[in-house]
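Data block below; observations after.
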Amino acid sequence: MSATTDTTNGIAREADREREPAQRRRTLGFTVYLAALLNDKLTLLAVVFLVALGFAAVFAPLAAPFDPMAQNLLLRNKPPMTPAAAPDALPHLLGTDPLGRDLLSRIVFGARISLSVGALSVIISGVVGTVAGLVAGYRRGGVDDLVMRVVDIQMGFPSLLLALLVLYALGASIWNVIIVLAVTRWTIYARMARGIVLAQRESAFVEAAQAIGCSDRRILFIHILPNMLAPLLVLATLETAALILSEASLSFLGLGIQPPDTSWGLMLAEGRQYLRVAWWIVLFPGLALLFTALSLNLLATWLRGVTDPVQRWRYLTRASKTLG
Amino acid sequence: MLASLIIIVFFVTRMVGDPVRLMLHPNATDEQIQTVRAKYGLDDPLLVQFGHFLSGLPRGDFGDSMWQRAPALEIVLNRLPATLYLAGVTMAIAFPIAVALGIISAVWPRSLADRIVTVLSLAGLSIADFWLALMMILFFAEGLGWFPTSGFGGAKFVVLPALTLAARPLGRISQIQRTAMLDELANGYVTTARAKGLSERVVVLFHTLKNASIPTVTMAGHEVASLLNGAIVIEVIFGWPGIGSLLIQAIERRDLTIVVAATVVIAALVITVNFVVDLIYGWADPRVRFG
């Protein structure tokens with residue numbers, strides 16, 4: 001079985017090589033990515049979900065059917081599809097929480113905080129880590145030793161534990177959570193950026209840039225950095241999923257987002273004690289977390305393949321026909 | 001490395017504020033508070049406290065717990081077996097399944113089975129473990145009544161927490177196994193073996209599996225390390241008497257000595273496991289051993 005698979009694979013690769021010139025003309029275009037995306041239904045679904053979620057979070061007051069803070073003690077812990085108090089309003093599609101607040105609206109508003117904490121901490125850790133790695137790898141010597149020593153120490157330290165301890169010391173608030181998450185994760189970017197710089201600093205194009213007198217900064221940011229954008233983007237996507245989950249864990253433990261703000265992790269913490277009487281309070285915020293993280297992971301996997309010239313052909317041909 | 005970590009932990013925990021006020025009655029007089037602080041050496045300058053702390057370390061003396069009034073390290077080590085037991089059962093569930101799934105999806109790449117395995121393993125990485133824990137409780141404990149909701153005791157108690165914790169290593173190991181297997185199957189010796197007329201099963205199970213397991217075993221080791229660290233939330237939810245739930249209780253009670261001791265023990269375990277993994281890696285891969 002697998003032997004035949006392998007020959008098909010070989011043929012597909014052969015065919016791909018012949019197709020290459022035509023593809024190369026399009027490689028730089030955005031259309032290639034769009035075509036690859038339309039080709040992969042699962043990733044397309046993930047992207048559609050993320051875009052919709054992003055819009056819902058940004059325009060939360062418009063997207064949410066109810067005020068997320070509006071309490072109604074007559075409608076406490078009501079199951080999904082319970083009619084609303086007002087006669088012509090939408091029903092509470094996902095039910096209500098222990099204070100009679102609409103669960104769907106709270107999930108939409110919770111998305112604002114969950115997503116922005118994830119995005120901001122990824123941006124901060126990504127920028128700091130990448131710059132540190134770039135400089136360490138390019139300058140070598142003392143800077144490199146210092147940065148990599150710090151990275152090694154921190155990598156040995158379990159990151160959730162570090163976050164717990166620092167939050168315990170500083171107190172919980174949105175900005176503390178963002179900073180703590182950024183501080184625990186910058187090392188990954190530093191390692192990756194340094195590795196790529198080390199591989200590229202001896203290459204001909206860097207030498208040429210040095211020969212015509214480019215400044216170090218120009219070489220690093222204009223010449224070397226663009227070459228690592230693809231892997232950085234993949235890593236940042238993976239990290240966004242991981243950090244949204246970390247924020248949820250911290251909030252669940254009471255060391256993250258504090259009421260009256262809300263995030264999915266905090267909603268789960270609040271709903272936990274009602275698990276027996278009102279399962280929907282726990283089910284839906286968790287599903288929101290799962291679908292968001294899963295979509296981001298699917299997107300990252302797809303990005304990794306499609307930005308890799310060796311693998312790209314797989315994503316531009318019909319999956320079912322190539323088999324390999 | 002452990003040393004720098006111990007220093008960080010010590011100073012971070014001292015920044016948190018006064019544990020004494022939480023210990024005593026809210027109406028305690030300032031005088032009483034001062035007496036207790038003096039008893040635990042909390043009124044000394046920070047550097048003096050640090051000196052005391054350092055001098056105790058070589059003897060494994062982290063100081064006495066203010067909450068349980070016993071040596072902190074002893075309390076932490078008493079919780080260690082439960083944590084290790086949970087991690088062991090989790091890996092015993094996750095590892096074989098993950099390896100099997102990884103092999104299946106590598107042998108038939110881009111097939112339906114491969115796609116299902118890929119999505120499942122990504123889902124394993126995407127699921128919030130504490131939410132999975134609550135769902136497990138809801139379905140298997142509350143709904144079906146097969147397992148107890150929480151606690152510690154016979155074999156029944158370990159099933160739900162272990163299944164919950166297995167999701168992440170399952171996803172990660174099966175992905176690594178798949179990639180490693182695909183890489184191996186592309187090698188020349190596989191073609192040779194096939195050309196000799198060996199069956200595909202022999203090629204996969206006897207030729208490639210051993211070579212492909214090197215990265216898998218390494219990853220599994222690192223997953224054990226992160227299990228020791230990541231089990232904190234799960235231990236709390238299932239009321240599992242391990243180090244993780246102890247740490248959270250200690251944080252709530254501002255019991256600094258236990259926080260420090262538990263953190264150091266967890267970190268030391270993680271570092272040890274990672275070190276052992278690197279040793280195994282060197283031993284398993286001749287290129288590293290002789291390199």
Side-chain angles (χ1 to χ4, degrees), chain A residues 1-3 5-6 9 42 149-150 152-162 164-166 168-171 238 241-242 244-245 248-249 252-255 264-265 268-269 271-272 275-276 279 282-283 285-287 289-298 300-301 314 319-320 322-324, chain B residues 1-2 4-5 8-9 11-17 107-111 115 118-119 122-123 125-132 134-135 137-138 142-143 149 171 175 185-186 190-191 194 200 203-204 225-226 228-230 232-233 236-237 247-248 251-252 254 259 262-263 266-267 270-271 274:
Chain A
M1 165 68 207
S2 185
T5 311
D6 204 49
N9 189 351
L42 199 57
R149 192 61 47 83
V150 175
D152 281 342
I153 290 175
Q154 213 186 307
M155 290 281 239
F157 202 101
S159 59
L160 180 66
L161 203 57
L162 183 68
L164 269 180
L165 278 181
V166 174
Y168 162 59
L170 296 180
L238 286 175
I244 287 176
L245 292 176
S249 300
F252 184 75
L253 286 173
L255 288 163
W264 295 335
L268 289 172
R272 185 184 162 197
L275 189 61
R276 284 176 189 80
W279 49 267
V282 177
L283 179 69
L287 281 182
L289 265 176
L290 173 62
F291 288 144
T292 307
L294 184 57
S295 300
L296 285 165
N297 277 325
L298 282 169
T301 310
R314 290 171 185 270
S320 51
T322 52
L323 229 171
Chain B
M1 191 147 92
L2 196 56
S4 52
L5 187 145
I8 296 170
V9 173
F11 283 104
V12 167
T13 50
R14 299 299 130 153
M15 283 158 58
V16 204
V107 172
W108 295 285
R110 309 254 324 147
S111 66
R115 305 217 99 197
T118 305
V119 172
L122 283 180
L125 298 177
S126 310
I127 208 159
D129 51 4
F130 60 90
W131 177 70
L132 184 59
L134 294 178
M135 289 295 116
I137 291 178
L138 190 62
E142 296 287 341
T149 51
Q175 283 193 325
L185 284 172
V190 175
T191 317
R194 283 177 181 152
E200 197 59 27
V203 172
V204 170
S226 67
L228 296 174
N229 165 32
I232 296 174
V233 192
V236 171
I237 292 178
L247 181 69
I248 296 295
I251 285 182
E252 276 161 6
R254 301 275 186 275
V259 173
T263 312
I266 293 180
V270 169
I271 291 171
N274 281 335

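Sequence lines set the chain letters: A, B, ... in the order given, protein chains first and strands last, and positions in each chain run from 1.
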Those residues that, when tested against B:Leu132, pass side chain to side chain contact (heavy atoms under 4.5 Å, CB included) (two or more places apart) | B:Ile127, B:Met136, B:Thr164, B:Ala167
For A:Ser295, check side chain to side chain contact (heavy atoms under 4.5 Å, CB included) against everything at least two apart and list the hits.
-> A:Ala46, A:Phe49, A:Leu50
To the nearest 0.5 Å, tell me how far [X] [atom1] sits from [Y] [atom2].
X: A:Thr301; Y: B:Gln175; atom1: OG1; atom2: CD; value: 6.5 Å
X: A:Leu283; Y: B:Leu138; atom1: CG; atom2: CG; value: 8.0 Å
X: B:Ile232; Y: A:Ser249; atom1: CD1; atom2: OG; value: 10.0 Å
X: B:Leu122; Y: A:Leu238; atom1: CG; atom2: CG; value: 9.0 Å
X: A:Leu255; Y: B:Ile248; atom1: CG; atom2: CD1; value: 6.5 Å
X: B:Phe130; Y: A:Leu289; atom1: CZ; atom2: CG; value: 6.0 Å

Select one option (side chain, backbone, both, neither) describing which atoms of A:Leu42 are under 4.5 Å from chain B's heavy atoms.
-> side chain
Side-chain heavy atoms of B:Leu134 within contact of A:Phe252, under 4.5 Å = yes
Please flag which part of B:Val119 lies under 4.5 Å from any non-hydrogen atom of chain A: side chain, backbone, both or neither.
-> both
Taking all non-hydrogen atoms of both residues into account, name the closest pair between B:Leu125 and A:Leu245 and its distance.
-> O-CD1, 3.7 Å
So, for B:Ser126 and A:Asn297, which heavy atoms are closest and what is the spacing to 0.1 Å?
-> OG-ND2, 2.8 Å
Residue among A:Pro285, A:Ala293, A:Gly286 with most heavy-atom pairs under 4.5 Å to chain B = A:Gly286
Pick from B:Thr118, B:Ile237, B:Ile137 with the largest number of heavy-atom pairs that fall under 4.5 Å of chain A = B:Ile237
